[in-house]
Amino acid sequence: MPGLGPPHPRARAGPVHPLRQRRLKRARTTVLGRTDLICADVGGTSTDVSLVVDGNPFVRITFELEHDLVINALSTEVASVGAGGGSLVTVSPSGGIQVGPGSAGADPGPACYGRGGTVPAVTDACLLMGILREDGFAGGEIVLDEAAARAAFEKLDTPVAFEDRVRSAYRLAVAHMAEEITNVAVPHGVDPRDFSLVAYGAAGPMLLPAVLDLVPLREVIVPPHPGLFSALGLLSTDLVHYESRSAYLPFTPRQRRPHRADLRRDGARPARQGRPAPPGCRCGAASTAGCSASRGRRRSSRCPRAG
């Protein structure tokens with residue numbers, strides 16, 4: 001395939017909050033009926049992939065914000081690749097078609113948005129292939145311009161035929177996503193044939209079903225409101241508070257306890273999680289786990305220290 005090269009790794013926008021095991025298990029049992037999932041969030045610039053085995057995500061205590069910038073914070077293990085609906089279609093030095101890592105962004109966006117974009121994007125290819133309808137985008141709120149998408153592909157300085165330009169752009173984007181999904185599954189020793197692919201993000205349902213031609217997955221699941229799926233998951237996750245301190249000392253049973261005592265003396269408490277503290281709480285707690293009225297209870301209407 002012309003221009004086929006290694007995918008471009010991308011730094012994600014931020015850490016993903018850890019999923020709570022009981023909530024995920026309840027959701028997968030009552031809604032999905034699946035225990036093993038490969039989750040792929042396809043936006044305009046990147047595809048973020050994570051793995052869920054038997055209802056449990058892989059959680060890391062660090063994440064790399066960008067090259068050589070590591071943050072010590074809890075996060076779900078996520079791998080990213082520079083391929084999405086807004087990924088730009090350009091010409092390689094050899095004259096072939098390449099996709100990414102550049103992105104059209106929201107402004108001006110793909111050429112078919114009609115906002116001044118002149119470089120074709122993956123979304124333009126999907127429109128020309130009939131995957132998208134001119135009058136059915138964003139619930140009909142945006143009318144796509146097929147003529148602008150065609151003109152953008154025709155302007156590419158390459159000897160590749162027009163039909164092959166569009167076809168190669170689409171296949172390259174899907175190939176990058178398929179490779180990243182494989183790169184996530186194989187190191188964990190799982191068989192993709194046993195896993196369902198959850199396609200979300202605004203461009204997920206548009207591109208990920210084609211991954212089934214390249215990766216032997218069980219099925220593709222599209223949740224309701226896929227463009228809002230990550231945001232809904234973040235809002236439904238419990239708040240988690242934790243404190244830490246670096247110490248250079250021999251880690252022995254005798255040394256560990258004094259160090260923990262120092263943390264407690266300085267006001268640090270063991271990490272706990274829960275819902276926001278009751279109204280008017282004066283315990284200094286940020287959640288029900290730290291409020292004396294809520295500790296050990298599922299619900300508490302008022303903190304005894306409230307004014």
Side-chain angles (χ1 to χ4, degrees), residues 7 9-10 12-43 46-64 73-81 83-84 174-240 242 271-275 289 298:
R10 302 287 296 190
R12 58 188 179 276
V16 179
H17 280 233
L19 300 175
R20 299 221 30 202
Q21 178 179 344
R22 63 176 184 177
R23 179 167 296 177
L24 182 61
K25 285 188 174 182
R26 182 171 64 249
R28 71 122 199 273
T29 301
T30 60
V31 180
L32 296 180
R34 299 288 184 264
T35 60
D36 299 322
L37 305 171
I38 296 178
C39 305
D41 182 355
V42 186
S46 65
T47 297
D48 304 325
V49 183
S50 59
L51 186 66
V52 176
V53 177
D54 193 25
N56 300 311
F58 288 87
V59 179
R60 306 173 61 181
I61 60 173
T62 63
F63 71 93
E64 190 174 19
L74 291 174
S75 66
T76 301
E77 186 176 299
V78 177
S80 301
V81 64
V174 173
H176 290 338
M177 297 174 189
E179 184 171 352
E180 191 65 18
I181 289 172
T182 302
N183 291 340
V184 169
V186 171
H188 289 289
V190 301
D191 188 344
R193 292 174 294 185
D194 300 328
F195 283 73
S196 300
L197 178 62
V198 183
Y200 54 100
M206 178 176 71
L207 296 168
L208 289 175
V211 171
L212 291 178
D213 293 332
L214 303 176
V215 183
L217 294 159
R218 180 178 182 178
E219 61 190 346
V220 173
I221 300 174
V222 179
H225 310 294
L228 303 175
F229 197 64
S230 289
L232 293 173
L234 178 63
L235 292 175
S236 63
T237 301
D238 285 338
L239 295 175
V240 178
Y242 67 94
R272 292 177 179 174
Q273 56 190 16
R275 296 177 299 277
R298 292 192 175 183

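Residues meeting the side chain to side chain donor-acceptor pair (under 3.5 Å) test with Thr182, sequence neighbours left out: none. Evaluation of the ring pair (Phe, Tyr, Trp, His ring centres under 6.0 Å) rule for His188 yields Phe58 as partners, not counting sequence neighbours. With sequence neighbours left out, the side chain to side chain contact (heavy atoms under 4.5 Å, CB included) criterion links Leu214 to Val174, Ala175, Ala178. Partners of Ser196 under the side chain to side chain donor-acceptor pair (under 3.5 Å) rule, at least two apart in sequence or in another chain, are Glu219. Qualifying side chain to side chain contact (heavy atoms under 4.5 Å, CB included) partners for Asp213, counting only residues two or more places apart in sequence or in other chains: none. Shown here are the side chain to side chain contact (heavy atoms under 4.5 Å, CB included) partners of Ala202, two or more places apart in sequence or in another chain: there are none. Remark: Asp191 pairs with Arg193 by the salt bridge (Lys or Arg N to Asp or Glu O under 4.0 Å) rule, at least two apart or across chains. Under the ring pair (Phe, Tyr, Trp, His ring centres under 6.0 Å) criterion, Phe195 pairs with no residue, sequence neighbours left out.
Under the salt bridge (charged side-chain N to carboxylate O under 4.0 Å, His left out) criterion, no residue pair touches residues 227-236, with sequence neighbours excluded. Screening residues 205-224 for ring pair (Phe, Tyr, Trp, His ring centres under 6.0 Å), with sequence neighbours left out, gives no hits.
Between Ala83 and Val42 the shortest heavy-atom distance is O-CG1, 4.4 Å. Nearest heavy atoms, Pro223 versus Ala199: CD-O, 3.2 Å. For the pair Pro209 and Val220, the tightest heavy-atom approach, listed with the atom from each and the gap, is CA-CG2, 4.1 Å. Summarising the geometry of Gly201 relative to Pro205, their closest heavy-atom pair is O-CD, 3.4 Å, with the distance given to 0.1 Å. Taking all atoms of both residues into account, the shortest heavy-atom contact from Glu77 to Ser50 is O-CB, 3.4 Å.
Residues Val190 and Asp36 form no side-chain contact, since every pair of their non-hydrogen atoms from C-beta on lies 4.5 Å or further apart. Counting heavy atoms from C-beta on, the side chains of Ile221 and Leu197 never come closer than 4.5 Å. Put simply, the side chain of Leu207 reaches to within 4.5 Å of the side chain of Met177, judged on heavy atoms. Val52 places a side-chain heavy atom less than 4.5 Å from the side chain of Cys39. Using a 4.5 Å cut-off on side-chain heavy atoms (C-beta onward), Val49 and Ile38 make contact.
To the nearest 0.5 angstrom, Leu37 atom CG is 8.5 Å from Leu51 atom CG. Atom-to-atom distance recorded for Leu228:CG and Tyr200:OH is 13.0 Å, nearest 0.5 angstrom.
Side-chain contact check for Asp41 and Ser230: at least one donor-acceptor pair (N or O, by modelled atom type) lies under 3.5 Å.
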